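Here the structure is a predicted model, which is why all the values come from computation and not from measurement. Just so we're on the same page: letters track the sequence lines, and every chain starts at 1.
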There are 2 protein chains.
Amino acid sequence: MDIRTLCLGILSLGEATGYEIRKMVTDGSFSFFSEASYGSIYPALTQMTADGLVACRAESQTGRPDKKVYSLTADGRKALEQSLTAAPGPDRHRSDFLAALLFAEAVSPDRINALIHDRISEHDEQIALLKGHLKDEQGTVARFVLEYGLVMQEAARRFLKENRARLSPAPEKQTG
Amino acid sequence: MDIRTLCLGILSLGEATGYEIRKMVTDGSFSFFSEASYGSIYPALTQMTADGLVACRAESQTGRPDKKVYSLTADGRKALEQSLTAAPGPDRHRSDFLAALLFAEAVSPDRINALIHDRISEHDEQIALLKGHLKDEQGTVARFVLEYGLVMQEAARRFLKENRARLSPAPEKQTG
DNA sequence: GAACACATGTAAGAAGTTACATGATTAT
DNA sequence: ATAATCATGTAACTTCTTACATGTGTTC
């Protein structure tokens, strides 16, 4: 998902400033599946304003730069739809964790346990985060996505917990 | 995961040519979580050879460019270990599908069903692929990763199937 | 004989991150 | 007073993809 589509999508849920968009993708519900920096968000918004995909309303503030509140235009909505429906493709699970794990065997057996342990903690945190978000009233689709994320996290967590021993077998002191 | 680490990791499982590495990341088990093009793989291998992280053995062939078989050096193994254990971070599930779904509500209700349908088919394909790979004898960790992927796919699939109706409720013709 | 698999490599371009630049307000 | 939050923006850099360049062997 490129920055433009991401911004359009977020704006489709309501107007926002560049600063707010950034917060959503780094801390908010969006952090689950995306990331973006100021260096990409601001230029994208400027360009899309020029292209007529978003509208910009300036709010004056004392002692701060004008707050630029962006909202989706009809053209922007069309562009978003095109982006989302254009040849979806395989949607790979680009996960550093999976890759690291796959290669960890060749590196150091001790690390595997640590990696898995960290990942389980992360899953726990994300599960808590997602459950927190679910309390807020959200649109049907947003809820759906959060629950989907939750299901995946919980499945991953359970599997990791149940299968840890296979990777880092404890020294066989007490046998069955 | 950057290309260098990816190549080092793959070479940690056994020697390979650039061509073979590319096949692995596009078609093989690695396709589940990564992707890379010739334009990044070949320069990475050349550079890492200069850096002493990999060794290159040339195999002459008739009618074809020399086959360059790369293997990991001790330094390469160290570099790999550092990469994998250096500040793992949150490991976001950068998924276009999740993003698209989250924004789909604002675009067109009809699309949601299509998106989910496609995704379920994709999950089915990947589940079949992973189960196929599991038949081959693999290292413990490789098996673990494949099974982890399988668990996630199956959880996702089940959830999507069971909850589709919530997103695109059929016209209420026959009630109760 | 057309297309695909094998096999390597380069150059141009896209897309994004990091770090910088600015500056007031608020919390520790 | 030191750091964090609010608020926008630019320039340099990194990283990767796309498309090109080359050429044989094999399959349909």
Query raised in the report: What's the CZ-P distance between B:Arg22 and C:dC4, to the nearest Å?
Result: 14 Å
Query - Closest to the A:Asp2 side chain, choosing from D:dT10, D:dG9, C:dG16 - result: C:dG16
**Report entry** Which residue lies more 5' along DNA chain C, comparing B:Asp66 with A:Arg4 via nearest heavy atoms
**Finding:** B:Asp66
Report task. Write down the distance between CE (B:Met24) and P (C:dC6), rounded to a whole number of angstrom. Result -> 12 Å
Requested in this report: Tell me whether the OP1 or OP2 atom of C:dA7 has a side-chain N or O from B:Gln61 closer than 4.0 Å.
Outcome: yes
Report summary line: Separation of D:dC16 atom P from B:Met1 atom CE, nearest Å, is 11 Å
Query raised in the report: Of all the choices, D:dT8, C:dT18, C:dG16, which nucleotide is nearest to the side chain of A:Ser37 once you look at every atom?
Result: C:dT18
Report task. With heavy atoms under 4.0 Å as the rule, sort A:Thr17 into base, sugar-phosphate or nothing. Result -> sugar-phosphate
Requested in this report: Of all the heavy-atom pairs spanning A:Thr5 and A:Met1, show the shortest one and how long it is.
Outcome: CG2-CE, 3.9 Å
Query raised in the report: How close do B:Tyr42 and B:Tyr19 get, heavy atom to heavy atom, and via which atoms?
Result: OH-N, 3.6 Å
Query raised in the report: Checking B:Thr17 side chain against B:Val69 main chain: does a donor-acceptor pair fall under 3.5 Å?
Result: no
Query raised in the report: To the nearest angstrom, how far is A:Met48 atom CE from C:dA15 atom P?
Result: 13 Å
Query - Presence of B:Tyr38 side-chain N/O under 4.0 Å of C:dG9 phosphate oxygens OP1/OP2 - result: no
Query - Distance test, side-chain N/O of A:Ser40 to OP1/OP2 of C:dT17, below 4.0 Å - result: yes
Query raised in the report: Nearest-Å distance, CG (A:Leu45) to P (C:dG16)?
Result: 13 Å
Query raised in the report: Hey, what do you get for CE (A:Met48) to SG (A:Cys56), rounding to the nearest 0.5 Å?
Result: 11.5 Å
Query - Length of the line joining B:Glu35:CD and C:dA15:C1', which is rounded to integer Å - result: 15 Å
**Report entry** side-chain N/O B:Tyr19 vs C:dT8 OP1/OP2, d < 4.0 Å
**Finding:** no
Query - For atom CD1 of B:Ile41 and atom P of D:dT17, their distance in whole Å - result: 8 Å
Report task. Output the residues of residues 6-14 of chain B in contact with DNA chain C, where contact means a heavy atom of the residue under 4.0 Å from an atom of the strand; sort by number or write none. Result -> none
Query raised in the report: Within this structure, what is the CD-to-C1' distance between B:Glu20 and C:dT8, rounded to whole angstrom?
Result: 13 Å
Requested in this report: Please determine, for the side chain of B:Lys67, which listed nucleotide (C:dG9, C:dA7, D:dT10) has the closest atom?
Outcome: C:dA7
Requested in this report: Please name the pair of heavy atoms, one in A:Gly76 and one in A:Leu8, separated by the smallest distance, quoted to 0.1 Å.
Outcome: O-CD1, 4.0 Å
Query - A:Leu80 CG to A:Thr85 OG1 distance, which is reported to the nearest 0.5 Å - result: 9.0 Å
**Report entry** B:Leu53 backbone acceptor or donor facing B:Thr73 side chain under 3.5 Å
**Finding:** yes
Requested in this report: Could you work out which one of D:dT8, C:dT8, D:dC6 sits closest to the side chain of B:Tyr42?
Outcome: C:dT8
Query raised in the report: Which value, rounded to the nearest 0.5 Å, describes the distance between A:Ile10 atom CD1 and A:Ser34 atom OG?
Result: 6.5 Å
